[in-house]
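The structure appears right after this line, and notes come after that.
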Amino acid sequence: MLPVAEQLAVITRGVVDLHVRSELEARLEESIKTGKPLRVKAGFDPTRPDLHIGHAVLMAKMRQFQDLGHHIILLVGEFTAMVGDPTGKNELRPRLSREEVRAAAKTYTDQAFKILDPSKTEIRSNAEWLDEMKLVKVVELMATMTVSRMLERKDFAQRYAEGRPIYQHEFLYPLLQGYDSVELNCDIELGGTDQLFNLLVGRDLMPRYGLRPQIVITTPLLEGTDARIENGVIVGKKMSKSADNYIGLTEPPIDMFRKVMQIDDDVIFRYFELLSSRSTQEIEELKREKAEGRDPREIKALFARELVTRFHDEAAAIAAENEFKQVYSGHAVPQDVEEVTVTTEGPTLWIAKALSSAGLVKSTGEGKRLVEQGGVEVDQTRVTDANLQLERGKRYLVRVGSKNRRFKYIYVAP
RNA sequence: GGAGGGUUGCCCGAGUGGCCAAAGGGAGCAGACUGUAAAUCUGCCGGCUAUGCCUACGUUGGUUCGAAUCCAACACCCUCCA
């Protein structure tokens, strides 16, 4: 094992909160002396299987602990997922069935193992102990925390102040998550900054059960692909599916690549710092090169390639880069364009109708609008006539959109 | 249990009988300019081949020639009192 100072340097890189540093040092020292790895827990709620690269920030930190020789416990919040953590968006999360949770947990771990070493990862589910928890124990647990303490949590406080609903089971959530740490007797718990409150509840709870309090470390939440830099500070919503500013871990290579290339030129460094395996020095070097006039597209492509390589493979990354260059910079047609067959009653088919039947737009109204606005190409030529009729028995190559180009061959069946 | 306030499109938010498919803003989309990004400007932004029709302002019913707007019941949320 590495000496304490070196481990600390790795552990604290890029983290937001660390409670408490001196305890961490002591615990690392002890671990080196006894040869016992620290028990590091990171939990996740398998609420929805829509993982994006924002989640990968935490996974990368977990991986660092593994590389330092510590023991990672990946806690599946199978039970807590059904309770539903109050979201940052202050909406009540839907409660999920056990089946949905299981499916989501599977996709989560599949993705996590693209970063984590499965042989060094212990997967546990809190349903193991929470399913059978007796009411007396629940009451005991609830008696450890006051309502006003709960209301310290930002989103509770906010909702309370704004007169929006808070349900009682939501108060239970942090307690249950904290109790997981008691069951697992963790040395350290990791989470996103949004989890700080919950993590600290665990820390408070442990001594009440006769355990040493866990050390709490949080990683930043990655801003979405639509983030901007204003006055040197990154601004923008967190990456999320609902804000549609995410890069999914299972997205096709070309989409990953495209989305990275559409990130703001300066914001890309945030991504580098939180996700790239490049060293801090290398990243600084890239920043310097950009300042000296290197094409930002090249720098973004470096990150895009690294990302696609990690979640797919190197061949996919190269292919994606080539396709991107051809399709977006060179206006070429991608290799694998899907062909759809649409039918028509009459001798011809209205373009707007064809677009919606082919699934390229949501409605014929939208199709018509796009044509009117010049957002549609048929056989590589921009369509200007919103009344264009496609002929029966012919096959057309249609392109819709610009930022996110969609191509299809439309065959008008006789 | 009692009293009062609230529920409008993806989000925020105006609208208190016809001029309301519903102001304004945000988000989003398209075009121009570009680099694929930013900034800026322009246009669009419920559905339907439509000078019209359908669906929509929590739900259901009612009043009216006509309802997001008035009435009733219900549901949900909030506040105060118990």
Side-chain angles (χ1 to χ4, degrees), chain A residues 87-92 156 158-168 170 223-247 254-271 290 293-305 320-332 334 344-357 360-377 382-390 398-406:
Chain A
T87 73
K89 291 189 69 226
N90 306 329
E91 281 163 17
L92 194 62
F156 285 145
Q158 202 174 331
R159 278 196 275 168
Y160 192 68
E162 289 172 9
R164 279 175 302 125
I166 300 172
Y167 292 87
Q168 295 188 78
E170 297 185 78
E223 287 77 10
T225 52
D226 56 353
R228 302 289 163 242
I229 299 279
E230 278 174 25
N231 306 319
V233 183
I234 187 164
V235 291
K237 290 190 293 283
K238 304 307 168 195
M239 180 171 286
S240 70
K241 184 155 193 170
S242 53
D244 197 20
N245 60 3
Y246 70 103
I247 300 177
I254 181 63
D255 290 328
M256 279 191 171
F257 204 96
R258 193 194 89 235
K259 287 184 179 183
V260 171
M261 293 306 278
Q262 287 173 341
I263 291 168
D264 180 90
D265 293 350
D266 295 305
V267 171
I268 195 69
F269 290 110
R270 172 81 166 162
Y271 283 64
K290 176 175 175 282
R294 183 172 178 189
D295 189 342
R297 286 176 293 174
E298 283 178 27
I299 296 170
K300 287 196 275 189
L302 285 178
F303 182 79
R305 213 179 299 150
E321 181 162 13
N322 287 335
E323 182 172 343
F324 180 83
K325 279 189 181 143
Q326 284 165 19
V327 174
Y328 284 88
S329 306
H331 302 286
T344 176
E345 303 283 297
T348 61
L349 179 62
W350 185 31
I351 179 71
K353 194 87 180 168
L355 293 177
S356 79
S357 305
L360 286 165
V361 295
K362 284 203 275 301
S363 64
T364 58
E366 187 183 335
K368 186 184 167 198
R369 201 182 309 134
L370 277 169
V371 172
E372 283 168 349
Q373 297 182 148
V376 176
E377 280 183 9
R382 178 182 290 177
V383 179
T384 46
D385 177 12
N387 267 322
L388 179 77
Q389 300 292 324
L390 302 183
V398 179
R399 189 196 108 183
V400 170
S402 148
K403 273 195 196 166
N404 177 17
R405 292 177 193 184
R406 286 150 285 160

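So that the names make sense, note that chain A is the first sequence line, chain B the second, and so on, each numbered from 1.
- Atom P of nucleotide B/U49 and atom CG of A/Leu349 are separated by 11 Å, given to the nearest angstrom.
- Remark: B/G52 base-pairs with B/C48. Criterion, Watson-Crick or G-U wobble with two distances under 3.5 Å.
- Under a 3.5 Å cut-off, the side chain of A/Ser356 and the backbone N or O of A/Val361 do not form any donor-acceptor pair.
- One finds a side-chain N or O of A/Ser402 lying less than 4.0 angstrom from the OP1 or OP2 phosphate oxygen of B/G31.
- In this structure, B/A23 makes no Watson-Crick or G-U wobble pair, since no nucleotide meets both defining distances under 3.5 angstrom.
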Which is it for A/Arg258 and A/Asn404 under the side-chain contact (heavy atoms from CB on, under 4.5 Å) test, yes or no, and what are the steps along the way? CA-CA 8 Å; A/Arg258 193 194 89 235; A/Asn404 177 17; 3.1 Å; yes

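- Nucleotide B/U40 forms a Watson-Crick or G-U wobble pair with B/A32, both donor-acceptor distances falling under 3.5 Å.
- Remark: C1' of B/C48 and NZ of A/Lys368 are 10 Å apart, rounded to the nearest angstrom.
- Comparing the P positions of B/A56 and B/G62 gives a spacing of 15 Å, expressed to the nearest Å.
- Shortest non-hydrogen contact noted between A/Arg399 and A/Ser402 is NH2-CA, 4.3 Å.
- A/Phe324 is linked by a ring-ring contact (aromatic ring centres under 6.0 Å, His included) to A/Phe257, A/Tyr328, counting only residues two or more places apart in sequence or in another chain.
- Comparing A/Ala386 and A/Gly374, the nucleotide of RNA chain B nearest to each residue sits closer to the 5' end for A/Gly374.
- Rounded to whole Å, the separation between the P atoms of B/A75 and B/U59 comes to 15 Å.
- B/C57 sits 12 Å from B/C10 when the P atoms are compared, rounded to a whole Å.
- One atom, CD of A/Glu366, and another, P of B/C10, lie 14 Å apart when rounded to the nearest Å.
- Pairing for B/C80 goes to B/G2, judged as Watson-Crick or G-U wobble with the two contacts each under 3.5 Å.
- B/C70 and B/A14 have their P atoms separated by 16 Å, given to the nearest Å.
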**Asked** Given A/Ile229 and A/Val267, is the side-chain contact (heavy atoms from CB on, under 4.5 Å) satisfied, shown in steps?
**Response** CA-CA 6 Å; A/Ile229 299 279; A/Val267 171; 3.8 Å; yes

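- Between B/A21 and B/A72, the distance separating the two P atoms is 27 Å to the nearest Å.
- Distance check on atom P: B/G15 versus B/U69 gives 15 Å, rounded to whole Å.
- Between A/Trp350 atom CH2 and B/G47 atom P the separation is 12 Å, expressed in whole Å.
- Rounded to whole angstrom, the span from the CG atom of A/Leu355 across to the P atom of B/U49 amounts to 13 Å.
- With rounding to whole Å, A/Leu370 atom CG is found 8 Å from B/G31 atom P.
- The minimum heavy-atom distance linking A/Lys237 with A/Asn245 is given by the pair O-ND2, 3.8 Å.
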Name the atoms and distances for all side-chain donor-acceptor pairs under 3.5 Å in residues 365-373 of chain A, with sequence neighbours left out.
residue: A/Glu366; atom: OE1; partner: A/Lys362; partner atom: N; Å: 3.3

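- When rounded to the nearest whole Å, the span between CG of A/Leu360 and P of B/C29 equals 16 Å.
- Using a cutoff of 4.0 Å between basic side-chain nitrogens and carboxylate oxygens, A/Glu223 and A/Lys238 are scored as salt-bridged.
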Nucleotide by nucleotide, nucleotides 33-42 of chain B touches protein heavy atoms under 4.0 Å in the pattern (B base, S sugar-phosphate only, - none) --BBBS----

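- For the atom pair A/Asp226 CG and A/Ile263 CD1, the distance stands at 10.0 Å (nearest 0.5 Å).
- At a cut-off of 3.5 angstrom, the base of B/G31 holds no donor-acceptor pair with the side chain of A/Gln373.
- Here the separation of B/C74 from B/C19, taken at their C1' atoms, is 34 Å to the nearest Å.
- Under the Watson-Crick or G-U wobble criterion, with both distances below 3.5 Å, B/G58 is paired with B/C74.
- For the C1' atoms, the distance from B/A67 to B/A22 is 13 Å, rounded to whole Å.
- Side-chain N/O atoms of A/Ser363 include one lying less than 4.0 angstrom from OP1 or OP2 on B/C48.
- Checking A/Gly401 against A/Lys237, the closest nucleotide of RNA chain B that is more toward the 5' end is the one next to A/Lys237.
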